[in-house]
Amino acid sequence: MANDKVAIYPGSFDPITNGHVDLVERTLRVFDKVIVAIATNPGKDHSLFTLQERLQMVREVFGGNRGRVQADSFEGLLVDYAERKRATVIIRGLRALSDFEYEFQMAMMNHRLKPNLETFFMMTGESEFYTSSRLVKEVVSLGGDVSGLVPAKVFEKLKYKFSRRGSRAARPRSWGCWERRLR
Ligand code: PNS
């Protein structure tokens with residue numbers, strides 16, 4: 001509807017984790033609609049899951065939300081996408097202090113580009129504090145159990161992906177927990 005309060009939750013979502021799910025559910029207490037917006041960067045995409053797979057996982061997870069959660073993708077600047085969607089708020093999650101610097105820079109840059117667009121930060125739930133898509137991929141690629149950290153269907157898809165690709169060969173260094181950022 002025209003007066004709906006719409007928030008955009010952008011990210012890579014490769015794959016969606018329970019930390020993301022928690023954030024979307026809490027955002028729905030304040031906003032009428034949340035657009036989970038998957039950023040794409042053709043030619044520079046090192047994602048494990050294709051865009052279509054990531055969109056499908058988001059849709060499966062939020063299928064019961066009566067249209068209040070929409071999965072979408074965008075290319076180019078987030079602020080331009082937000083404008084096209086007539087959204088005035090970007091949602092981002094903060095876990096540890098290590099997230100802060102990067103998030104702060106992005107929020108400032110986005111604000112400079114479009115001063116009417118606000119970034120709202122939410123703290124992740126405590127059980128998701130240490131969860132990240134990168135760590136989850138690394139753990140599953142090495143045969144570990146991430147049930148409870150990602151939706152069950154996502155865990156199945158991760159296991160299937162790695163069983164087809166082979167574990168170590170398929171694991172780019174950038175997924176490792178030695179990376180400063182753990183998205
Ligand atoms: O989950 P991620 O990978 O931390 O999300 C980062 C994301 C997608 C939000 C960020 O890279 C982004 O907004 N990309 C779109 C391009 C853009 O607007 N870049 C300028 C950001 S200041």
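Counting convention: from 1, in listed order, for ligands and their atoms alike. Throughout, residue positions are numbered sequentially from 1 according to the sequence presented. What you see below is based on every heavy atom in this structure, not just the backbone, and it leaves out hydrogens, waters and symmetry mates.
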Could you tell me which non-hydrogen atom of Gln70 sits nearest to which non-hydrogen atom of Lys85, and how far apart they are? NE2-NZ, 4.1 Å
Closest approach of Pro15 and Phe49, non-hydrogen atoms and distance?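 Closest approach of Pro15 to Phe49: CB-CE1, 3.7 Å.
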Can you list the atoms of ligand 1 that are under 4.0 Å from a heavy atom of [X]?
{"X": "Met109", "value": "22 (S)"}
{"X": "Leu78", "value": "13 (O), 17 (C), 18 (O)"}
{"X": "Gly76", "value": "15 (C), 16 (C)"}
{"X": "Phe74", "value": "15 (C)"}

Would a distance-only check, ignoring hydrogens and angles, find a side-chain to backbone donor-acceptor pair under 3.5 Å from [X] to [Y]?
{"X": "Arg68", "Y": "Phe31", "value": "yes"}
{"X": "Asp14", "Y": "Ser47", "value": "no"}
{"X": "Thr88", "Y": "Leu117", "value": "no"}

Please work out which of Arg134, His111, Arg92, Glu75 has its closest non-hydrogen atom nearest to atom 7 (C) of ligand 1. Arg92
Which option, Ala39, Ser47, Ala82, owns the non-hydrogen atom nearest atom 14 (N) of ligand 1?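 When every heavy atom of Ala39, Ser47, Ala82 is considered, Ala39 comes closest to atom 14 (N) of ligand 1.
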Looking at CD1 of Ile38 and CE of Met57, how far apart are the two atoms once the value is rounded to the nearest 0.5 Å? 8.0 Å
Record the part of Tyr102 in heavy-atom contact with ligand 1 below 4.0 Å; permitted values are side chain, backbone, both and neither.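 The answer is the side chain of Tyr102.
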Hey, is ligand 1 close enough to Val79 that some N/O pair sits below 3.5 Å?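 There is no such contact.
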Polar atom proximity, Ser12 to ligand 1 (N or O, under 3.5 Å): yes
So, Glu60 and Gln56: side-chain donor and acceptor under 3.5 Å apart, yes or no?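 Yes, side-chain donor-acceptor contact under 3.5 Å.
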Heavy-atom contact under 4.0 Å between Phe13 and ligand 1?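 It does not; every heavy atom stays at 4.0 Å or beyond.
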